[in-house]
Amino acid sequence: MGRIIVTNNISLDGVMQAPGRPDEDTRGGFAHGGWSGPYNDDDKMRKMGEGMTRTSAMLFGRRTYEDFAAIWPHAPQPNPFTDRLNNTPKYVVSNTLQEPLPWMNSTLLAGDGVESVGKLRAEHDGGIAVLGSGVLVQSLFRAGLIDAFVLVIHPLVLGAGRKLFADDAFAKLELVDSTTTSKGVVIATYEPIR
């Protein structure tokens, strides 16, 4: 059985929207895109790289998949993440996309997302990384399909934006690993207490 591991950049107030670029996701008038960039350092990149080596597949919601597919196949080299992202099998939960998907090694999981991901998790060996994909993460969380959260917690409060956890979310989690970067980012791995 596979393990679904959610890895997301978040602010102290739980916002996950548009950490990478100003134009990444402006839904709701969000004006703070690109907020994680000033906190990047060697510590953060090393820890993220280590996490990628522990996964053998990736899982995306439609919106995050389309964003990544527009960037990573053409990302300049050298970049330690490009080859890994391009060559790893990718599964995409969507009822609007159609195959063939544009990014190499991508497979569409159509139909009921929770059911499709549950089947993938049961049949897959190894870690399945979920990056971004907030709507998908909230669905999988409610269904009890997430095995770990790697939260990259940045020392800032955004005050607005889409959050990782819905307002009605509840879970008890156990801290199983943590590190702090030179720029004050806490990378904490939590597993649900079941």
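The closest donor-acceptor contact from the side chain of Asn8 to the backbone of Leu151 lies at 3.5 Å or more, if one exists at all. No donor-acceptor distance shorter than 3.5 angstrom exists from the side chain of Thr55 to the backbone of Gly127, with no hydrogens or angles considered. The main-chain N or O of Arg84 is never found under 3.5 Å from a side-chain atom of Trp72 such that the two would form a donor-acceptor pair. The backbone N or O of Gly159 lies less than 3.5 Å from a partner atom in the side chain of Asp13, making a donor-acceptor pair. Using modelled atom types, one side-chain atom of Gln138 and one backbone atom of Leu164 make a donor-acceptor pair closer than 3.5 Å. Side-chain atoms of Thr53 come within 3.5 Å of backbone N or O of Glu50 as a donor-acceptor pair.
Grouping the Ile, Leu, Val, Met, Phe, Trp and Tyr side chains by contacts below 4.5 angstrom, directly or via other members, places Phe68 apart from Val93. Both Leu158 and Val185 belong to a single network of hydrophobic side chains, linked directly or stepwise wherever heavy atoms of I, L, V, M, F, W or Y lie under 4.5 Å apart. Under the 4.5 Å side-chain heavy-atom criterion for ILVMFWY residues, no single connected hydrophobic cluster contains both Val176 and Val6. Hydrophobic cluster membership differs between Val130 and Val150, with clusters built from Ile, Leu, Val, Met, Phe, Trp and Tyr side chains linked at under 4.5 angstrom. Hydrophobic clustering places Met58 together with Val92 (ILVMFWY residues linked when any side-chain heavy atoms are closer than 4.5 Å, directly or through intermediates).
Evaluation of the ring-ring contact (aromatic ring centres under 6.0 Å, His included) rule for Phe141 yields Phe149, Phe165 as partners, not counting sequence neighbours. With sequence neighbours left out, Phe30 forms a ring-ring contact (aromatic ring centres under 6.0 Å, His included) with His32. The ring-ring contact (aromatic ring centres under 6.0 Å, His included) test applied to His124 returns no partner, not counting sequence neighbours.
Nearest heavy-atom pair, Met16 versus Ser133, reported as atom, atom and distance to 0.1 Å: CE-N, 4.3 Å. Nearest heavy-atom pair, Arg3 versus Ala148, reported as atom, atom and distance to 0.1 Å: NH2-CB, 3.7 Å. For Ser36 against Pro19, the heavy-atom pair with the smallest separation is OG-O, 2.8 Å. Across Ser56 and Gly126, no two heavy atoms sit closer than the pair OG-CA, 3.9 Å. Across all their heavy atoms, Ser116 and Leu109 have their closest contact at CB-CB, 3.9 Å.
Within the 4.5 Å cutoff, no side-chain heavy atoms of Met48 are placed close to those of Leu131. Looking at heavy atoms from C-beta onward, Arg142 lies out of side-chain contact with Val114 at the 4.5 angstrom threshold. A heavy-atom distance below 4.5 Å is found between the side chains of Leu156 and Tyr39. Residues Lys44 and Asn9 are in side-chain contact: their nearest non-hydrogen atoms beyond the backbone lie under 4.5 Å apart. Residues Phe81 and Met45 are in side-chain contact: their nearest non-hydrogen atoms beyond the backbone lie under 4.5 Å apart. A heavy-atom distance below 4.5 Å is not found between the side chains of Tyr91 and Ile128. Using a 4.5 Å cut-off on side-chain heavy atoms (C-beta onward), Arg121 and Leu145 make contact. Looking at heavy atoms from C-beta onward, Asp177 lies in side-chain contact with Lys47 at the 4.5 angstrom threshold.
Within a 6.0 Å sphere centred on CD of Gln98, heavy atoms belonging to other residues, nucleotides or ligands number 12 at most. No more than 12 heavy atoms of other residues, nucleotides or ligands shown are found within 6.0 angstrom of CD on Glu115. Surrounding NZ of Lys183 are more than 12 heavy atoms belonging to other residues, nucleotides or ligands, all under 6.0 Å away. By the 6.0 Å contact criterion, CG on Asn87 is enclosed, its count of non-hydrogen atoms from other residues, nucleotides or ligands being greater than 12.
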Quiz item: Hey, mind stepping through Glu66 and Leu97 against side-chain contact (heavy atoms from CB on, under 4.5 Å) and telling me if it holds?
Solution: CA-CA 10 Å; Glu66 289 179 329; Leu97 294 178; 3.2 Å; yes
Quiz item: Is there a side-chain contact (heavy atoms from CB on, under 4.5 Å) between Ile71 and Arg21 once you walk through the steps?
Solution: CA-CA 12 Å; Ile71 294 170; Arg21 300 182 322 277; 3.0 Å; yes
Practice problem: Run the numbers on Ile146 and Val137 for side-chain contact (heavy atoms from CB on, under 4.5 Å), then give the verdict. | Solution: CA-CA 8 Å; Ile146 295 175; Val137 168; 3.9 Å; yes
Exercise. Decide side-chain contact (heavy atoms from CB on, under 4.5 Å) for Val135 and Arg63; before the verdict, give the C-alpha distance in whole Å, the side-chain angles of both, and the deciding distance to 0.1 Å.
Key: CA-CA 9 Å; Val135 173; Arg63 184 176 184 82; over 6 Å; no
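In this structure, the separation between OH on Tyr190 and NZ on Lys172 is 15.5 Å, given to the nearest 0.5 Å. Taken from CG in Leu120 to CD1 in Ile4, the straight-line distance is 6.5 Å, to the nearest 0.5 Å. Atom CD1 of Ile187 and atom CD1 of Ile153 lie 9.5 Å apart (nearest 0.5 Å). For the atom pair CG of Leu59 and NZ of Lys90, the computed distance is 12.5 Å after rounding to the nearest 0.5 Å. Distance CZ/Arg54 to CD1/Ile5: 8.0 Å, rounded to 0.5 Å. Rounded to the nearest 0.5 Å, atoms CG (Leu85) and CG (Asn105) are 11.5 Å apart.
Side-chain contact check for Ser106 and Tyr65: at least one donor-acceptor pair (N or O, by modelled atom type) lies under 3.5 Å. Under 3.5 Å, the side chains of Asp41 and Ser182 contain a donor-acceptor pair of N or O atoms.
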